**Q** 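Handing you this structure, nothing more for now.
Counting begins at 1 with the first residue of the sequence. Both counts, for ligands and for their atoms, begin at 1 and track the order of listing. The figures that follow rest on heavy atoms only: side chains count, while hydrogens, waters and symmetry mates do not. Keep in mind that what you see is a predicted model, and the values were worked out from it rather than measured.
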Amino acid sequence: MAKTEKSRKNAPAKSAAPPKPEAVGPATPDVLDRLFEVVESRRGTDPAISHSARLLARGRRKIAQKFGEEAVECLIEAVAGNRDELVSESADVLYHLIVMWVDAGVKPAEVWAELLRREGTSGVAEKASRPRDPLA
Ligand SMILES: N=c1c2ncn([C@@H]3O[C@H](COP(=O)(O)OP(=O)(O)OP(=O)(O)O)[C@@H](O)[C@H]3O)c2ncn1[C@@H]1O[C@H](COP(=O)(O)O)[C@@H](O)[C@H]1O
């Protein structure tokens with residue numbers, strides 16, 4: 001969401017009936033699991049009252065486009081040194097990544113398992129361990 005637009009925390013409440021209050025827990029990685037559950041629960045619901053439903057209904061290409069847009073907005077804020085905006089855009093990127101997971105049928109636990117598998121292995125060592133491409 002570009003800096004010129006209101007950040008989500010200032011976004012006006014949706015005009016339709018307020019969504020049911022989601023469980024609010026501690027701001028830990030669990031927040032991503034909870035967010036996934038909420039976004040997944042929005043699939044097929046009324047796009048007029050759920051942004052996730054609207055995005056999922058618009059399909060994979062649009063979901064990917066929005067993820068890309070948010071990622072670019074994130075890097076723009078990082079390069080500009082706008083720390084607060086980077087925090088906000090990072091949340092947008094994570095939200096749109098989770099919408100992409102829901103669309104693709106990826107579960108958060110699969111991503112957490114991959115990150116755990118990588119723990120303790122330096123990126124330098126990982127890259128050096130790849131089989132050499134004889135044609136490279
Ligand atoms: N974390 C978010 C979140 N981050 C960003 N956004 C929305 O993403 C939209 C980004 O605005 P853009 O104009 O870039 O996107 P757009 O409207 O698709 O733009 P166009 O291309 O259509 O012009 C805004 O409406 C933001 O409010 C989010 N919407 C929802 N969530 C979470 O998802 C939950 C479910 O939301 P609903 O599906 O709306 O009930 C919420 O409780 C939140 O926890």
Side-chain angles (χ1 to χ4, degrees):
M1 203 177 337
K3 199 168 100 177
T4 50
E5 296 166 35
K6 281 191 176 184
S7 72
R8 175 171 168 72
K9 59 179 177 295
N10 302 325
K14 292 189 186 339
S15 55
K20 66 178 178 56
E22 307 300 345
V24 178
T28 68
D30 294 349
V31 67
L32 292 174
D33 289 310
R34 286 201 307 276
L35 179 53
F36 178 89
E37 297 302 324
V38 170
V39 172
E40 192 171 52
S41 75
R42 298 295 200 259
R43 192 200 284 274
T45 63
D46 184 355
I49 60 170
S50 162
H51 184 78
S52 312
R54 174 169 175 260
L55 205 43
L56 288 163
R58 296 174 87 179
R60 182 159 298 176
R61 294 179 69 84
K62 188 64 179 178
I63 292 166
Q65 175 200 330
K66 297 310 293 181
F67 172 77
E69 286 175 6
E70 298 297 346
V72 169
E73 289 171 16
C74 210
L75 69 89
I76 288 169
E77 300 301 353
V79 169
N82 298 331
R83 197 181 176 289
D84 291 349
E85 289 80 0
L86 176 57
V87 168
S88 177
E89 294 297 344
S90 298
D92 284 342
V93 167
L94 289 173
Y95 166 71
H96 286 85
L97 177 63
I98 283 174
V99 175
M100 212 154 46
W101 290 354
V102 170
D103 172 71
V106 167
K107 298 292 185 192
E110 298 176 85
V111 180
W112 309 157
E114 175 59 18
L115 287 171
L116 280 174
R117 185 188 68 79
R118 298 177 181 185
E119 267 186 348
T121 305
S122 147
V124 173
E126 184 281 322
K127 191 165 184 179
S129 72
R130 294 178 198 170
R132 287 200 174 284
D133 177 355
L135 300 178

**Q** With a 4.0 Å cut-off, would you call Lys66 and Glu70 a salt bridge?
**A** no

**Q** State if Glu69 counts as touching ligand 1 under the rule of any non-hydrogen atom under 4.0 Å.
**A** no

**Q** Does a side-chain N-to-carboxylate-O contact under 4.0 Å join Lys107 and Glu110?
**A** no

**Q** Show the atoms of ligand 1 that are less than 4.0 angstrom away from any heavy atom in Leu35.
**A** 32 (C), 33 (O), 44 (O)

**Q** Kindly give the cluster partners of Leu116, where membership spreads through any ILVMFWY side chain lying under 4.5 Å from a current member.
**A** none

**Q** Going by the order shown, which atoms of ligand 1 are within less than 4.0 Å of some heavy atom of Val38?
**A** 34 (C), 35 (C)

**Q** Do Ser50 and ligand 1 have an N or O pair less than 3.5 Å apart?
**A** yes

**Q** Please work out whether any backbone atom (N, CA, C, O) or any side-chain heavy atom from C-beta onward of His51 is under 4.0 Å from ligand 1, and answer side chain, backbone, both or neither.
**A** both

**Q** May I ask you to list the atoms of ligand 1 that are less than 4.0 angstrom from any heavy atom of Glu70?
**A** 14 (O)

**Q** Out of Asp103, Ile98, Val99, which residue meets the side chain to side chain contact (heavy atoms under 4.5 Å, CB included) rule with Trp101?
**A** Ile98

**Q** Which atoms of ligand 1 sit under 4.0 Å from any heavy atom of Asp92?
**A** 4 (N), 5 (C)

**Q** Applying side-chain hydrogen bond (donor to acceptor under 3.5 Å, both in side chains), which residue pairs with at least one partner in residues 127-136 are found, sequence neighbours left out?
**A** Glu126-Arg130

**Q** Against heavy atoms of Arg54, which atoms of ligand 1 measure under 4.0 Å?
**A** 16 (P), 17 (O), 18 (O), 22 (O)

**Q** Have a look at Ser52, Ser88, Ser41, Ala91 and point out the one with the heavy atom closest to atom 38 (O) of ligand 1.
**A** Ser52

**Q** Are any side-chain N or O atoms of Arg58 and backbone N or O atoms of Ile63, one a donor and one an acceptor, separated by less than 3.5 Å?
**A** no

**Q** Quick one: does ligand 1 sit under 4.0 Å from the side chain of Glu73, the backbone, both or neither, non-hydrogen atoms only?
**A** neither

**Q** Once rounded to the nearest 0.5 Å, what's the spacing between atom CZ of Arg54 and atom CD1 of Ile49?
**A** 14.0 Å

**Q** Donor-acceptor pair, Ser90 side chain versus Leu86 backbone, under 3.5 Å?
**A** yes

**Q** Touching ligand 1 at all, Arg58? Heavy atoms, strictly under 4.0 Å?
**A** yes

